[in-house]
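In this chain, residues are counted from 1 in sequence order. No experiment lies behind these values; they were computed from the predicted model shown. In what follows, every heavy atom counts, from backbone to side chain, and hydrogens, waters and symmetry copies are set aside.
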Amino acid sequence: LNLKPLGDRLVIEPLEQAPAMPITTIKLQHANAEVVADSVKRVFDDKKLAGVGTGKNVSPAELTVAVTPDVNTNQLIVQASETNMAFIRDRVAELDKPEVAGQTATSTKTYYIKYADANAVANVVTQWARARTTTTPNARVAARDQVTALAEPSTQAVVVTANEVNHKLIQQMIGEVDSDKAVAER
């Protein structure tokens, strides 16, 4: 409620309320819900940043979206205006194709190390991943770009979770670091 003076009295007026935004679930067939939610959130974060300082009067409803991934059912729970919902559905349709999802989906692979120390190789992979994602200070790392590497010294292995593009790069990197020639040079 707003209180406004009117002479010697206060007049009570109802607050303006933003229109209610519907909540919808979007089931994904091919893509990972966390990856898609992150992508959609980034688009709206970018829109907010682009709107700041432009002098354009953008309503909060145009920039307010809630996108929550449900990893158990691989769907998105979305709350947005009708306009934003249409945009989100289009974006999800682009990302939920087998050929796109295969590039962004993460998987876990075990790399068995022959010559080098598994802990050292895991550290190399972790440092490489960190260097790739810290080019922009304070930037959020998209789920599709996250890489984790854990050493399993008892089996002389490194367990890596990454997307397929990063797995190819990591496999090549491990091949270079884990050669008898590379180990002998140290």
Side-chain angles (χ1 to χ4, degrees), residues 24-49 65-79 88-186:
T24 304
T25 58
I26 302 172
K27 178 78 175 142
L28 301 173
Q29 300 301 313
H30 307 284
N32 177 292
E34 289 177 306
V35 172
V36 174
D38 186 66
S39 176
V40 171
K41 288 176 188 177
R42 278 188 182 197
V43 168
F44 284 93
D45 287 347
D46 291 347
K47 280 186 175 187
K48 287 177 188 175
L49 290 174
V65 234
V67 182
T68 305
D70 182 343
V71 295
N72 294 325
T73 60
N74 200 39
Q75 59 185 346
L76 302 176
I77 302 166
V78 182
Q79 185 173 20
I88 291 168
R89 285 185 187 281
D90 290 345
R91 180 76 179 146
V92 168
E94 290 172 21
L95 296 172
D96 196 28
K97 296 177 181 172
E99 63 274 11
V100 175
Q103 295 172 2
T104 60
T106 60
S107 63
T108 301
K109 294 183 180 182
T110 302
Y111 297 92
Y112 292 96
I113 309 303
K114 295 177 185 172
Y115 304 101
D117 176 63
N119 285 310
V121 174
N123 285 336
V124 167
V125 172
T126 300
Q127 289 172 1
W128 170 82
R130 194 173 295 139
R132 288 181 51 135
T133 57
T134 57
T135 55
T136 308
N138 300 325
R140 272 190 358 204
V141 178
R144 70 175 180 274
D145 295 328
Q146 292 179 353
V147 174
T148 59
L150 301 171
E152 284 292 333
S154 63
T155 58
Q156 191 59 2
V158 177
V159 179
V160 179
T161 301
N163 66 31
E164 198 54 42
V165 172
N166 283 336
H167 271 299
K168 288 178 183 173
L169 296 170
I170 290 165
Q171 184 174 13
Q172 181 181 1
M173 181 185 0
I174 289 175
E176 292 171 10
V177 172
D178 187 38
S179 69
D180 57 348
K181 188 177 179 180
V183 172
E185 290 175 359
R186 287 190 206 129

Rounded distance [0.5 Å steps], [atom1] in [X] versus [atom2] in [Y]:
X: R89; Y: L76; atom1: CZ; atom2: CG; answer: 10.0 Å
X: E152; Y: I113; atom1: CD; atom2: CD1; answer: 12.0 Å
X: D117; Y: Q156; atom1: CG; atom2: CD; answer: 6.0 Å
X: T110; Y: L150; atom1: OG1; atom2: CG; answer: 10.0 Å
X: D96; Y: N32; atom1: CG; atom2: CG; answer: 10.5 Å
X: N166; Y: W128; atom1: CG; atom2: CH2; answer: 4.0 Å

Of all the heavy-atom pairs spanning [X] and [Y], show the shortest one and how long it is.
X: V124; Y: M173; result: CG1-SD, 3.7 Å
X: L28; Y: A33; result: CD1-CA, 3.4 Å
X: D178; Y: A116; result: OD1-N, 2.7 Å
X: P69; Y: K41; result: CD-NZ, 4.5 Å
X: I88; Y: F44; result: CG1-CE1, 3.8 Å
X: V158; Y: A118; result: CG2-O, 3.5 Å

TODO: Please test V78 against I26 for side chain to side chain contact (heavy atoms under 4.5 Å, CB included), starting from the C-alpha separation and ending with a verdict.
DONE: CA-CA 8 Å; V78 182; I26 302 172; 4.0 Å; yes
Open item on the list: Tell me which one of T68, D70, V71 satisfies side chain to side chain contact (heavy atoms under 4.5 Å, CB included) with E34.
Closed with: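 Of the listed options, the one satisfying the test is V71.
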Task: Heavy atoms from other residues, nucleotides or ligands near NZ of K168 exceed 12 (cutoff 6.0 Å) - done: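 At most 12 heavy atoms, drawn from other residues, nucleotides or ligands, come within 6.0 Å of this atom.
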Task: Side-chain donor/acceptor of N74 to backbone N/O of A31, under 3.5 Å - done: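 Checking the backbone N and O of A31 against the side chain of N74, a donor-acceptor pair under 3.5 Å is found.
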- [ ] Check whether any side-chain N or O of K109 sits under 3.5 Å from a backbone N or O of A162 as a donor-acceptor pair, and report yes or no.
- [x]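 Not at all, since once roles are kept as given, no pair shorter than 3.5 Å links the two residues.
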